[in-house]
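Every value quoted in this text rests on a predicted model; they were computed, and no experiment measured them. Each residue takes its place number in the sequence, starting with 1. Only this structure's heavy atoms are used, side chains among them; waters, hydrogens and symmetry mates stay out.
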Amino acid sequence: MSKLLEQLRKEAKSCRACPLWENATQTVFGAGDEHAKVMLVGEQPGDEEDRKGLPFVGPAGRLLDRALEAAGIDREHIYVTNAVKHFKWELRGKRRLHKTPAQREIDACRQWLEGEIAAIRPRVIGCLGATAARAILGPDFRVSKMRGKFVKSRYAPFVFATLHPSALLRLREAEEREAAFAQLVKDLGLIKSALARVDA
């Protein structure tokens, strides 16, 4: 691991920039290829990620793996992280259910996300969901209007946004889920087209 990334990971473990650390098991930092040309940014760790300390290892992560495979992209060669590094949740019965991070929590974690981007220096960034898109592309960005298109950003030459895989898990109709999955795969295909231009 690069010294910068290692230092960031170490410092993030004791982050107290917002109150989310109080109810989280641990900081969940990014993981993957530190020389990756591609970085995927999600919203925040979920219940399983909070317990294991790794991003995208729960149900949404497994769905993302399927979508990446269908798009012909090897997760081994990308770096995955979240805009917010602690799990924000509320108790329903015995289950810890996800709560959407507030803008101030996204802002508090910006130092870690920007640090990861500076250390990895990706050529392509994929924003998974509205929170990630707001963190990278600003509070006025709307995934519903701009998904699946390259957008200008200071963070990387090629940046796009798509739905977070967890959104697909909430769809009840099988037909709707299949259509949304196909769209996610199509959006993730932007990674290959961007890399072809980078390597040209």
Side-chain angles (χ1 to χ4, degrees), residues 5 28-49 52 54-85 98 113 116-117 119-138 141-200:
L5 210 52
V28 181
F29 206 69
D33 184 351
E34 65 185 68
H35 303 294
K37 292 179 181 178
V38 179
M39 177 184 282
L40 294 181
V41 181
E43 179 185 83
Q44 65 166 339
D47 182 74
E48 205 167 323
E49 288 82 2
K52 293 181 178 176
L54 290 167
F56 286 97
V57 292
R62 291 188 282 277
L63 183 60
L64 176 62
D65 286 346
R66 276 181 48 221
L68 286 168
E69 186 178 354
I73 296 150
D74 188 348
R75 180 165 165 173
E76 293 290 313
H77 299 303
I78 64 177
Y79 184 89
V80 294
T81 192
N82 284 297
V84 174
K85 309 301 186 195
H98 151 280
L113 180 58
E116 288 174 296
I117 293 169
I120 303 293
R121 298 194 341 189
R123 309 299 289 161
V124 186
I125 295 177
C127 303
L128 305 175
T131 299
R134 287 205 311 272
I136 297 289
L137 298 166
F141 186 87
R142 296 289 175 267
V143 175
S144 57
K145 292 182 179 177
M146 293 295 291
R147 70 175 290 187
K149 299 174 184 175
F150 290 122
V151 183
K152 280 191 175 182
S153 170
R154 62 190 172 97
Y155 292 117
F158 298 95
V159 177
F160 70 93
T162 186
L163 291 180
H164 194 287
S166 64
L168 279 64
L169 295 173
R170 293 191 292 270
L171 298 174
R172 294 188 177 183
E173 299 295 329
E175 194 174 312
E176 201 178 359
R177 279 198 308 273
E178 285 170 19
F181 182 78
Q183 184 62 55
L184 177 61
V185 171
K186 182 181 176 185
D187 291 348
L188 290 173
L190 289 172
I191 293 171
K192 290 189 95 169
S193 65
L195 290 177
R197 288 157 73 176
V198 165
D199 296 332

Is [X] reaching over with its side chain to a backbone N or O of [Y], donor-acceptor style, under 3.5 angstrom?
X    : Y    : answer
R177 : R172 : yes
E49  : G46  : yes
R62  : V57  : yes
E34  : L5   : no

Practice task
Under the side chain to side chain contact (heavy atoms under 4.5 Å, CB included) rule, what do H77 and V38 come out as? Steps first, then yes or no, please.
Solution key: CA-CA 8 Å; H77 299 303; V38 179; over 6 Å; no

Handout entry: Basic-acidic side-chain contact under 4.0 Å: E48, K52
Key = yes

Working to the nearest 0.5 angstrom, can you tell me the gap between [X] [atom1] and [Y] [atom2]?
X    : Y    : atom1 : atom2 : answer
H35  : I120 : NE2   : CD1   : 8.5 Å
T162 : L184 : OG1   : CG    : 5.0 Å
I117 : I125 : CD1   : CD1   : 4.0 Å
L168 : E176 : CG    : CD    : 9.0 Å
H164 : N82  : NE2   : CG    : 6.0 Å
M39  : Y155 : CE    : OH    : 11.0 Å

Do [X] and [Y] come within less than 4.5 Å of each other through their side chains, counting heavy atoms only?
X    : Y    : value
M146 : V151 : yes
L40  : L64  : yes
Q183 : L163 : no
V198 : P157 : no

Which pair of heavy atoms, one from [X] and one from [Y], lies closest together, and at what distance?
X    : Y    : result
F56  : T81  : CE1-O, 3.6 Å
P165 : A60  : CB-O, 3.4 Å
K149 : L190 : N-CD1, 3.9 Å
A194 : V124 : CB-CG2, 3.6 Å
K85  : P45  : O-CG, 3.6 Å
L113 : A83  : CD2-CA, 4.2 Å

Problem - salt bridge (Lys or Arg N to Asp or Glu O under 4.0 Å) against D47, all qualifying residues, sequence neighbours excluded - result: R51, R96

Exercise for the section: Mind checking salt bridge (Lys or Arg N to Asp or Glu O under 4.0 Å) for E69 and listing every partner two or more places apart, or none if nothing turns up? Expected result: none

Handout entry: Chi angles and distances behind the side chain to side chain contact (heavy atoms under 4.5 Å, CB included) call for T131, Q44
Key = CA-CA 9 Å; T131 299; Q44 65 166 339; over 6 Å; no

Practice task
Can you label the angle between the F150 ring and the F160 ring as parallel, tilted or perpendicular, going by 30° and 60°?
Solution key: perpendicular

Handout entry: Residues F141, I136; criterion side chain to side chain contact (heavy atoms under 4.5 Å, CB included); working and verdict
Key = CA-CA 9 Å; F141 186 87; I136 297 289; over 6 Å; no

Handout entry: cation_pi(R197, F158) dist<6.0 Å, angle<=45
Key = no

